[in-house]
Amino acid sequence: MPELPEVETVVRIIRPHLVGRTITAARFSIPRQLHPQTPRELLRAVKGRVIRSVTRRGKYILIELDNGTLLVHLRMTGRLYVRPSSIPPDPHERASFSLDHSGDVLALRDPRTLGTIRFFPAQAVIEPLAAIGVEPLEDTTDFDALFDRVTRHTIAIKPLLLNQTLFAGIGNIYASEALWQAGIDPRKPAGRLTRPQFRKLADSIRKVLLRAIERGGSTLKDFADPEGRAGSYQKEFVVYGHEGEACSRCGIPIVKIVQAQRSTYFCKGCQKG
DNA sequence: CACTAATCCTGGACGC
DNA sequence: TGCGTCCAGGATTAGT
């Protein structure tokens, strides 16, 4: 479910409810989601610890404690939210952390149980983040270096955008949307992108993601922000899910293809670059 | 490196 | 109403 804008939305909303709070208890119903740790080990690591910060890196959520970091990934259907303990847990709630004082609960709802939670001690390397690529919204990127890395590949640009070691946080929806914005054929081999094309693509990615964050992310089936409100960016999808409809730029019907076992939506009329 | 398929799962949509 | 099939925002791995 969640790509960068949805994860960013979640982080912004839960952060003020979490920072400074102490975790007093925790429950986990699907041990596999904690692998390689056990529920007992994770509980022992977090109980009594104070939450220092809540941040995002790519699609990962980092909950920094006074003794280490909880690394949460929502995968396809995960939702992370804070609820009052007076509200009963959703049937699909797979993990919960009780917080001191207000009686709030930080909860992971995840019907497909593909999401993950892991704890890394303070001095440990957070290995899943080691190879994560550049943050698309930050302007500190060494553009030439990234261009060189991207154009080293021969695979099509769209599936390459899903590779988290280049741009971090782009998922299946925003990959299609950004390529349409940039007028680039998703089937084009990455190595054949010109420097101006890649520049335009990077700009389009930033614009699409920023706009989606403004809209509170996209809501398809499972995503709602932690306060239960839905994001609305899906109303602005130009190609994703619009197979057969006329392209808003050139009028040619949007087509759906499959690349690397994932759906890609694009316009053959105006994505010829 | 790249392509393909399979895997981890549940549930909603759709066709009959 | 019920059942079978397909599909889904992600990521990893095995085999070719």
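Residue numbering restarts at 1 for every chain, and letters A, B, ... go by the order of the sequence lines. The figures that follow rest on heavy atoms only: side chains count, while hydrogens, waters and symmetry mates do not.
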Quick one: [X] [atom1] to [N] [atom2], roughly how many Å, whole number?
{"X": "A/Y233", "N": "C/dG9", "atom1": "OH", "atom2": "C1'", "result": "14 Å"}
{"X": "A/I30", "N": "B/dC9", "atom1": "CD1", "atom2": "C1'", "result": "9 Å"}
{"X": "A/L114", "N": "B/dA6", "atom1": "CG", "atom2": "P", "result": "18 Å"}
{"X": "A/L161", "N": "C/dG9", "atom1": "CG", "atom2": "P", "result": "15 Å"}
{"X": "A/R215", "N": "C/dG9", "atom1": "CZ", "atom2": "C1'", "result": "20 Å"}
{"X": "A/R109", "N": "C/dG9", "atom1": "CZ", "atom2": "C1'", "result": "14 Å"}
{"X": "A/R75", "N": "C/dG10", "atom1": "CZ", "atom2": "P", "result": "10 Å"}
{"X": "A/Q259", "N": "B/dA2", "atom1": "CD", "atom2": "P", "result": "14 Å"}

Residue whose closest nucleotide on DNA chain B lies nearer the 5' end, A/R94 versus A/L160:
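So the residue in question is A/L160.
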
Mapping A/Q261 and A/R152 to their closest nucleotides on DNA chain B, which lands nearer the 5' end?
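Final value for this comparison: A/R152.
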
So, A/F266 versus A/Y240, ring centres under 6.0 angstrom or not?
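No, the ring centres sit 6.0 Å or more apart.
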
At less than 4.0 Å, is any side-chain N or O atom of [X] found next to OP1 or OP2 of [N]? Yes or no.
{"X": "A/R32", "N": "B/dC9", "answer": "yes"}
{"X": "A/Q164", "N": "C/dG10", "answer": "no"}
{"X": "A/H92", "N": "B/dG11", "answer": "yes"}
{"X": "A/H153", "N": "B/dA2", "answer": "yes"}
{"X": "A/T113", "N": "B/dC8", "answer": "no"}
{"X": "A/K256", "N": "C/dC7", "answer": "no"}
{"X": "A/H73", "N": "C/dG10", "answer": "no"}
{"X": "A/K59", "N": "C/dG9", "answer": "no"}

Can you tell me, in whole Å, how much space there is between the [atom1] of [N] and that of [M]?
{"N": "B/dA5", "M": "C/dA8", "atom1": "P", "answer": "15 Å"}
{"N": "B/dC1", "M": "C/dT12", "atom1": "P", "answer": "15 Å"}
{"N": "B/dA6", "M": "C/dC6", "atom1": "P", "answer": "13 Å"}

Going by distance alone, is a donor N or O of one side chain under 3.5 Å from an acceptor N or O of the other, for A/Q259 and A/T264?
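Yes, side-chain donor-acceptor contact under 3.5 Å.
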
With rounding to the nearest 0.5 angstrom, report the CZ to CG distance, A/R49 to A/D66.
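Answer for the CZ-CG pair, A/R49 versus A/D66, is 5.0 Å.
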
Please state whether the rings of A/Y174 and A/F237 are parallel, tilted or perpendicular, taking 30° and 60° as the class boundaries.
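Because their plane-to-plane angle is over 60°, the rings of A/Y174 and A/F237 count as perpendicular.
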
A/R109 NZ/CZ over A/Y81 ring centroid, <6.0 Å and within 45° of normal:
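That pair does not qualify as a cation-pi contact.
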
Is the number of heavy atoms from other residues, nucleotides or ligands within 6.0 Å of CZ (A/R211) greater than 12?
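Correct, the count exceeds 12.
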
Strictly by Watson-Crick or wobble contacts shorter than 3.5 Å, is anything paired with C/dA14, and which nucleotide is it?
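With both distances under 3.5 Å, C/dA14 matches B/dT4.
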
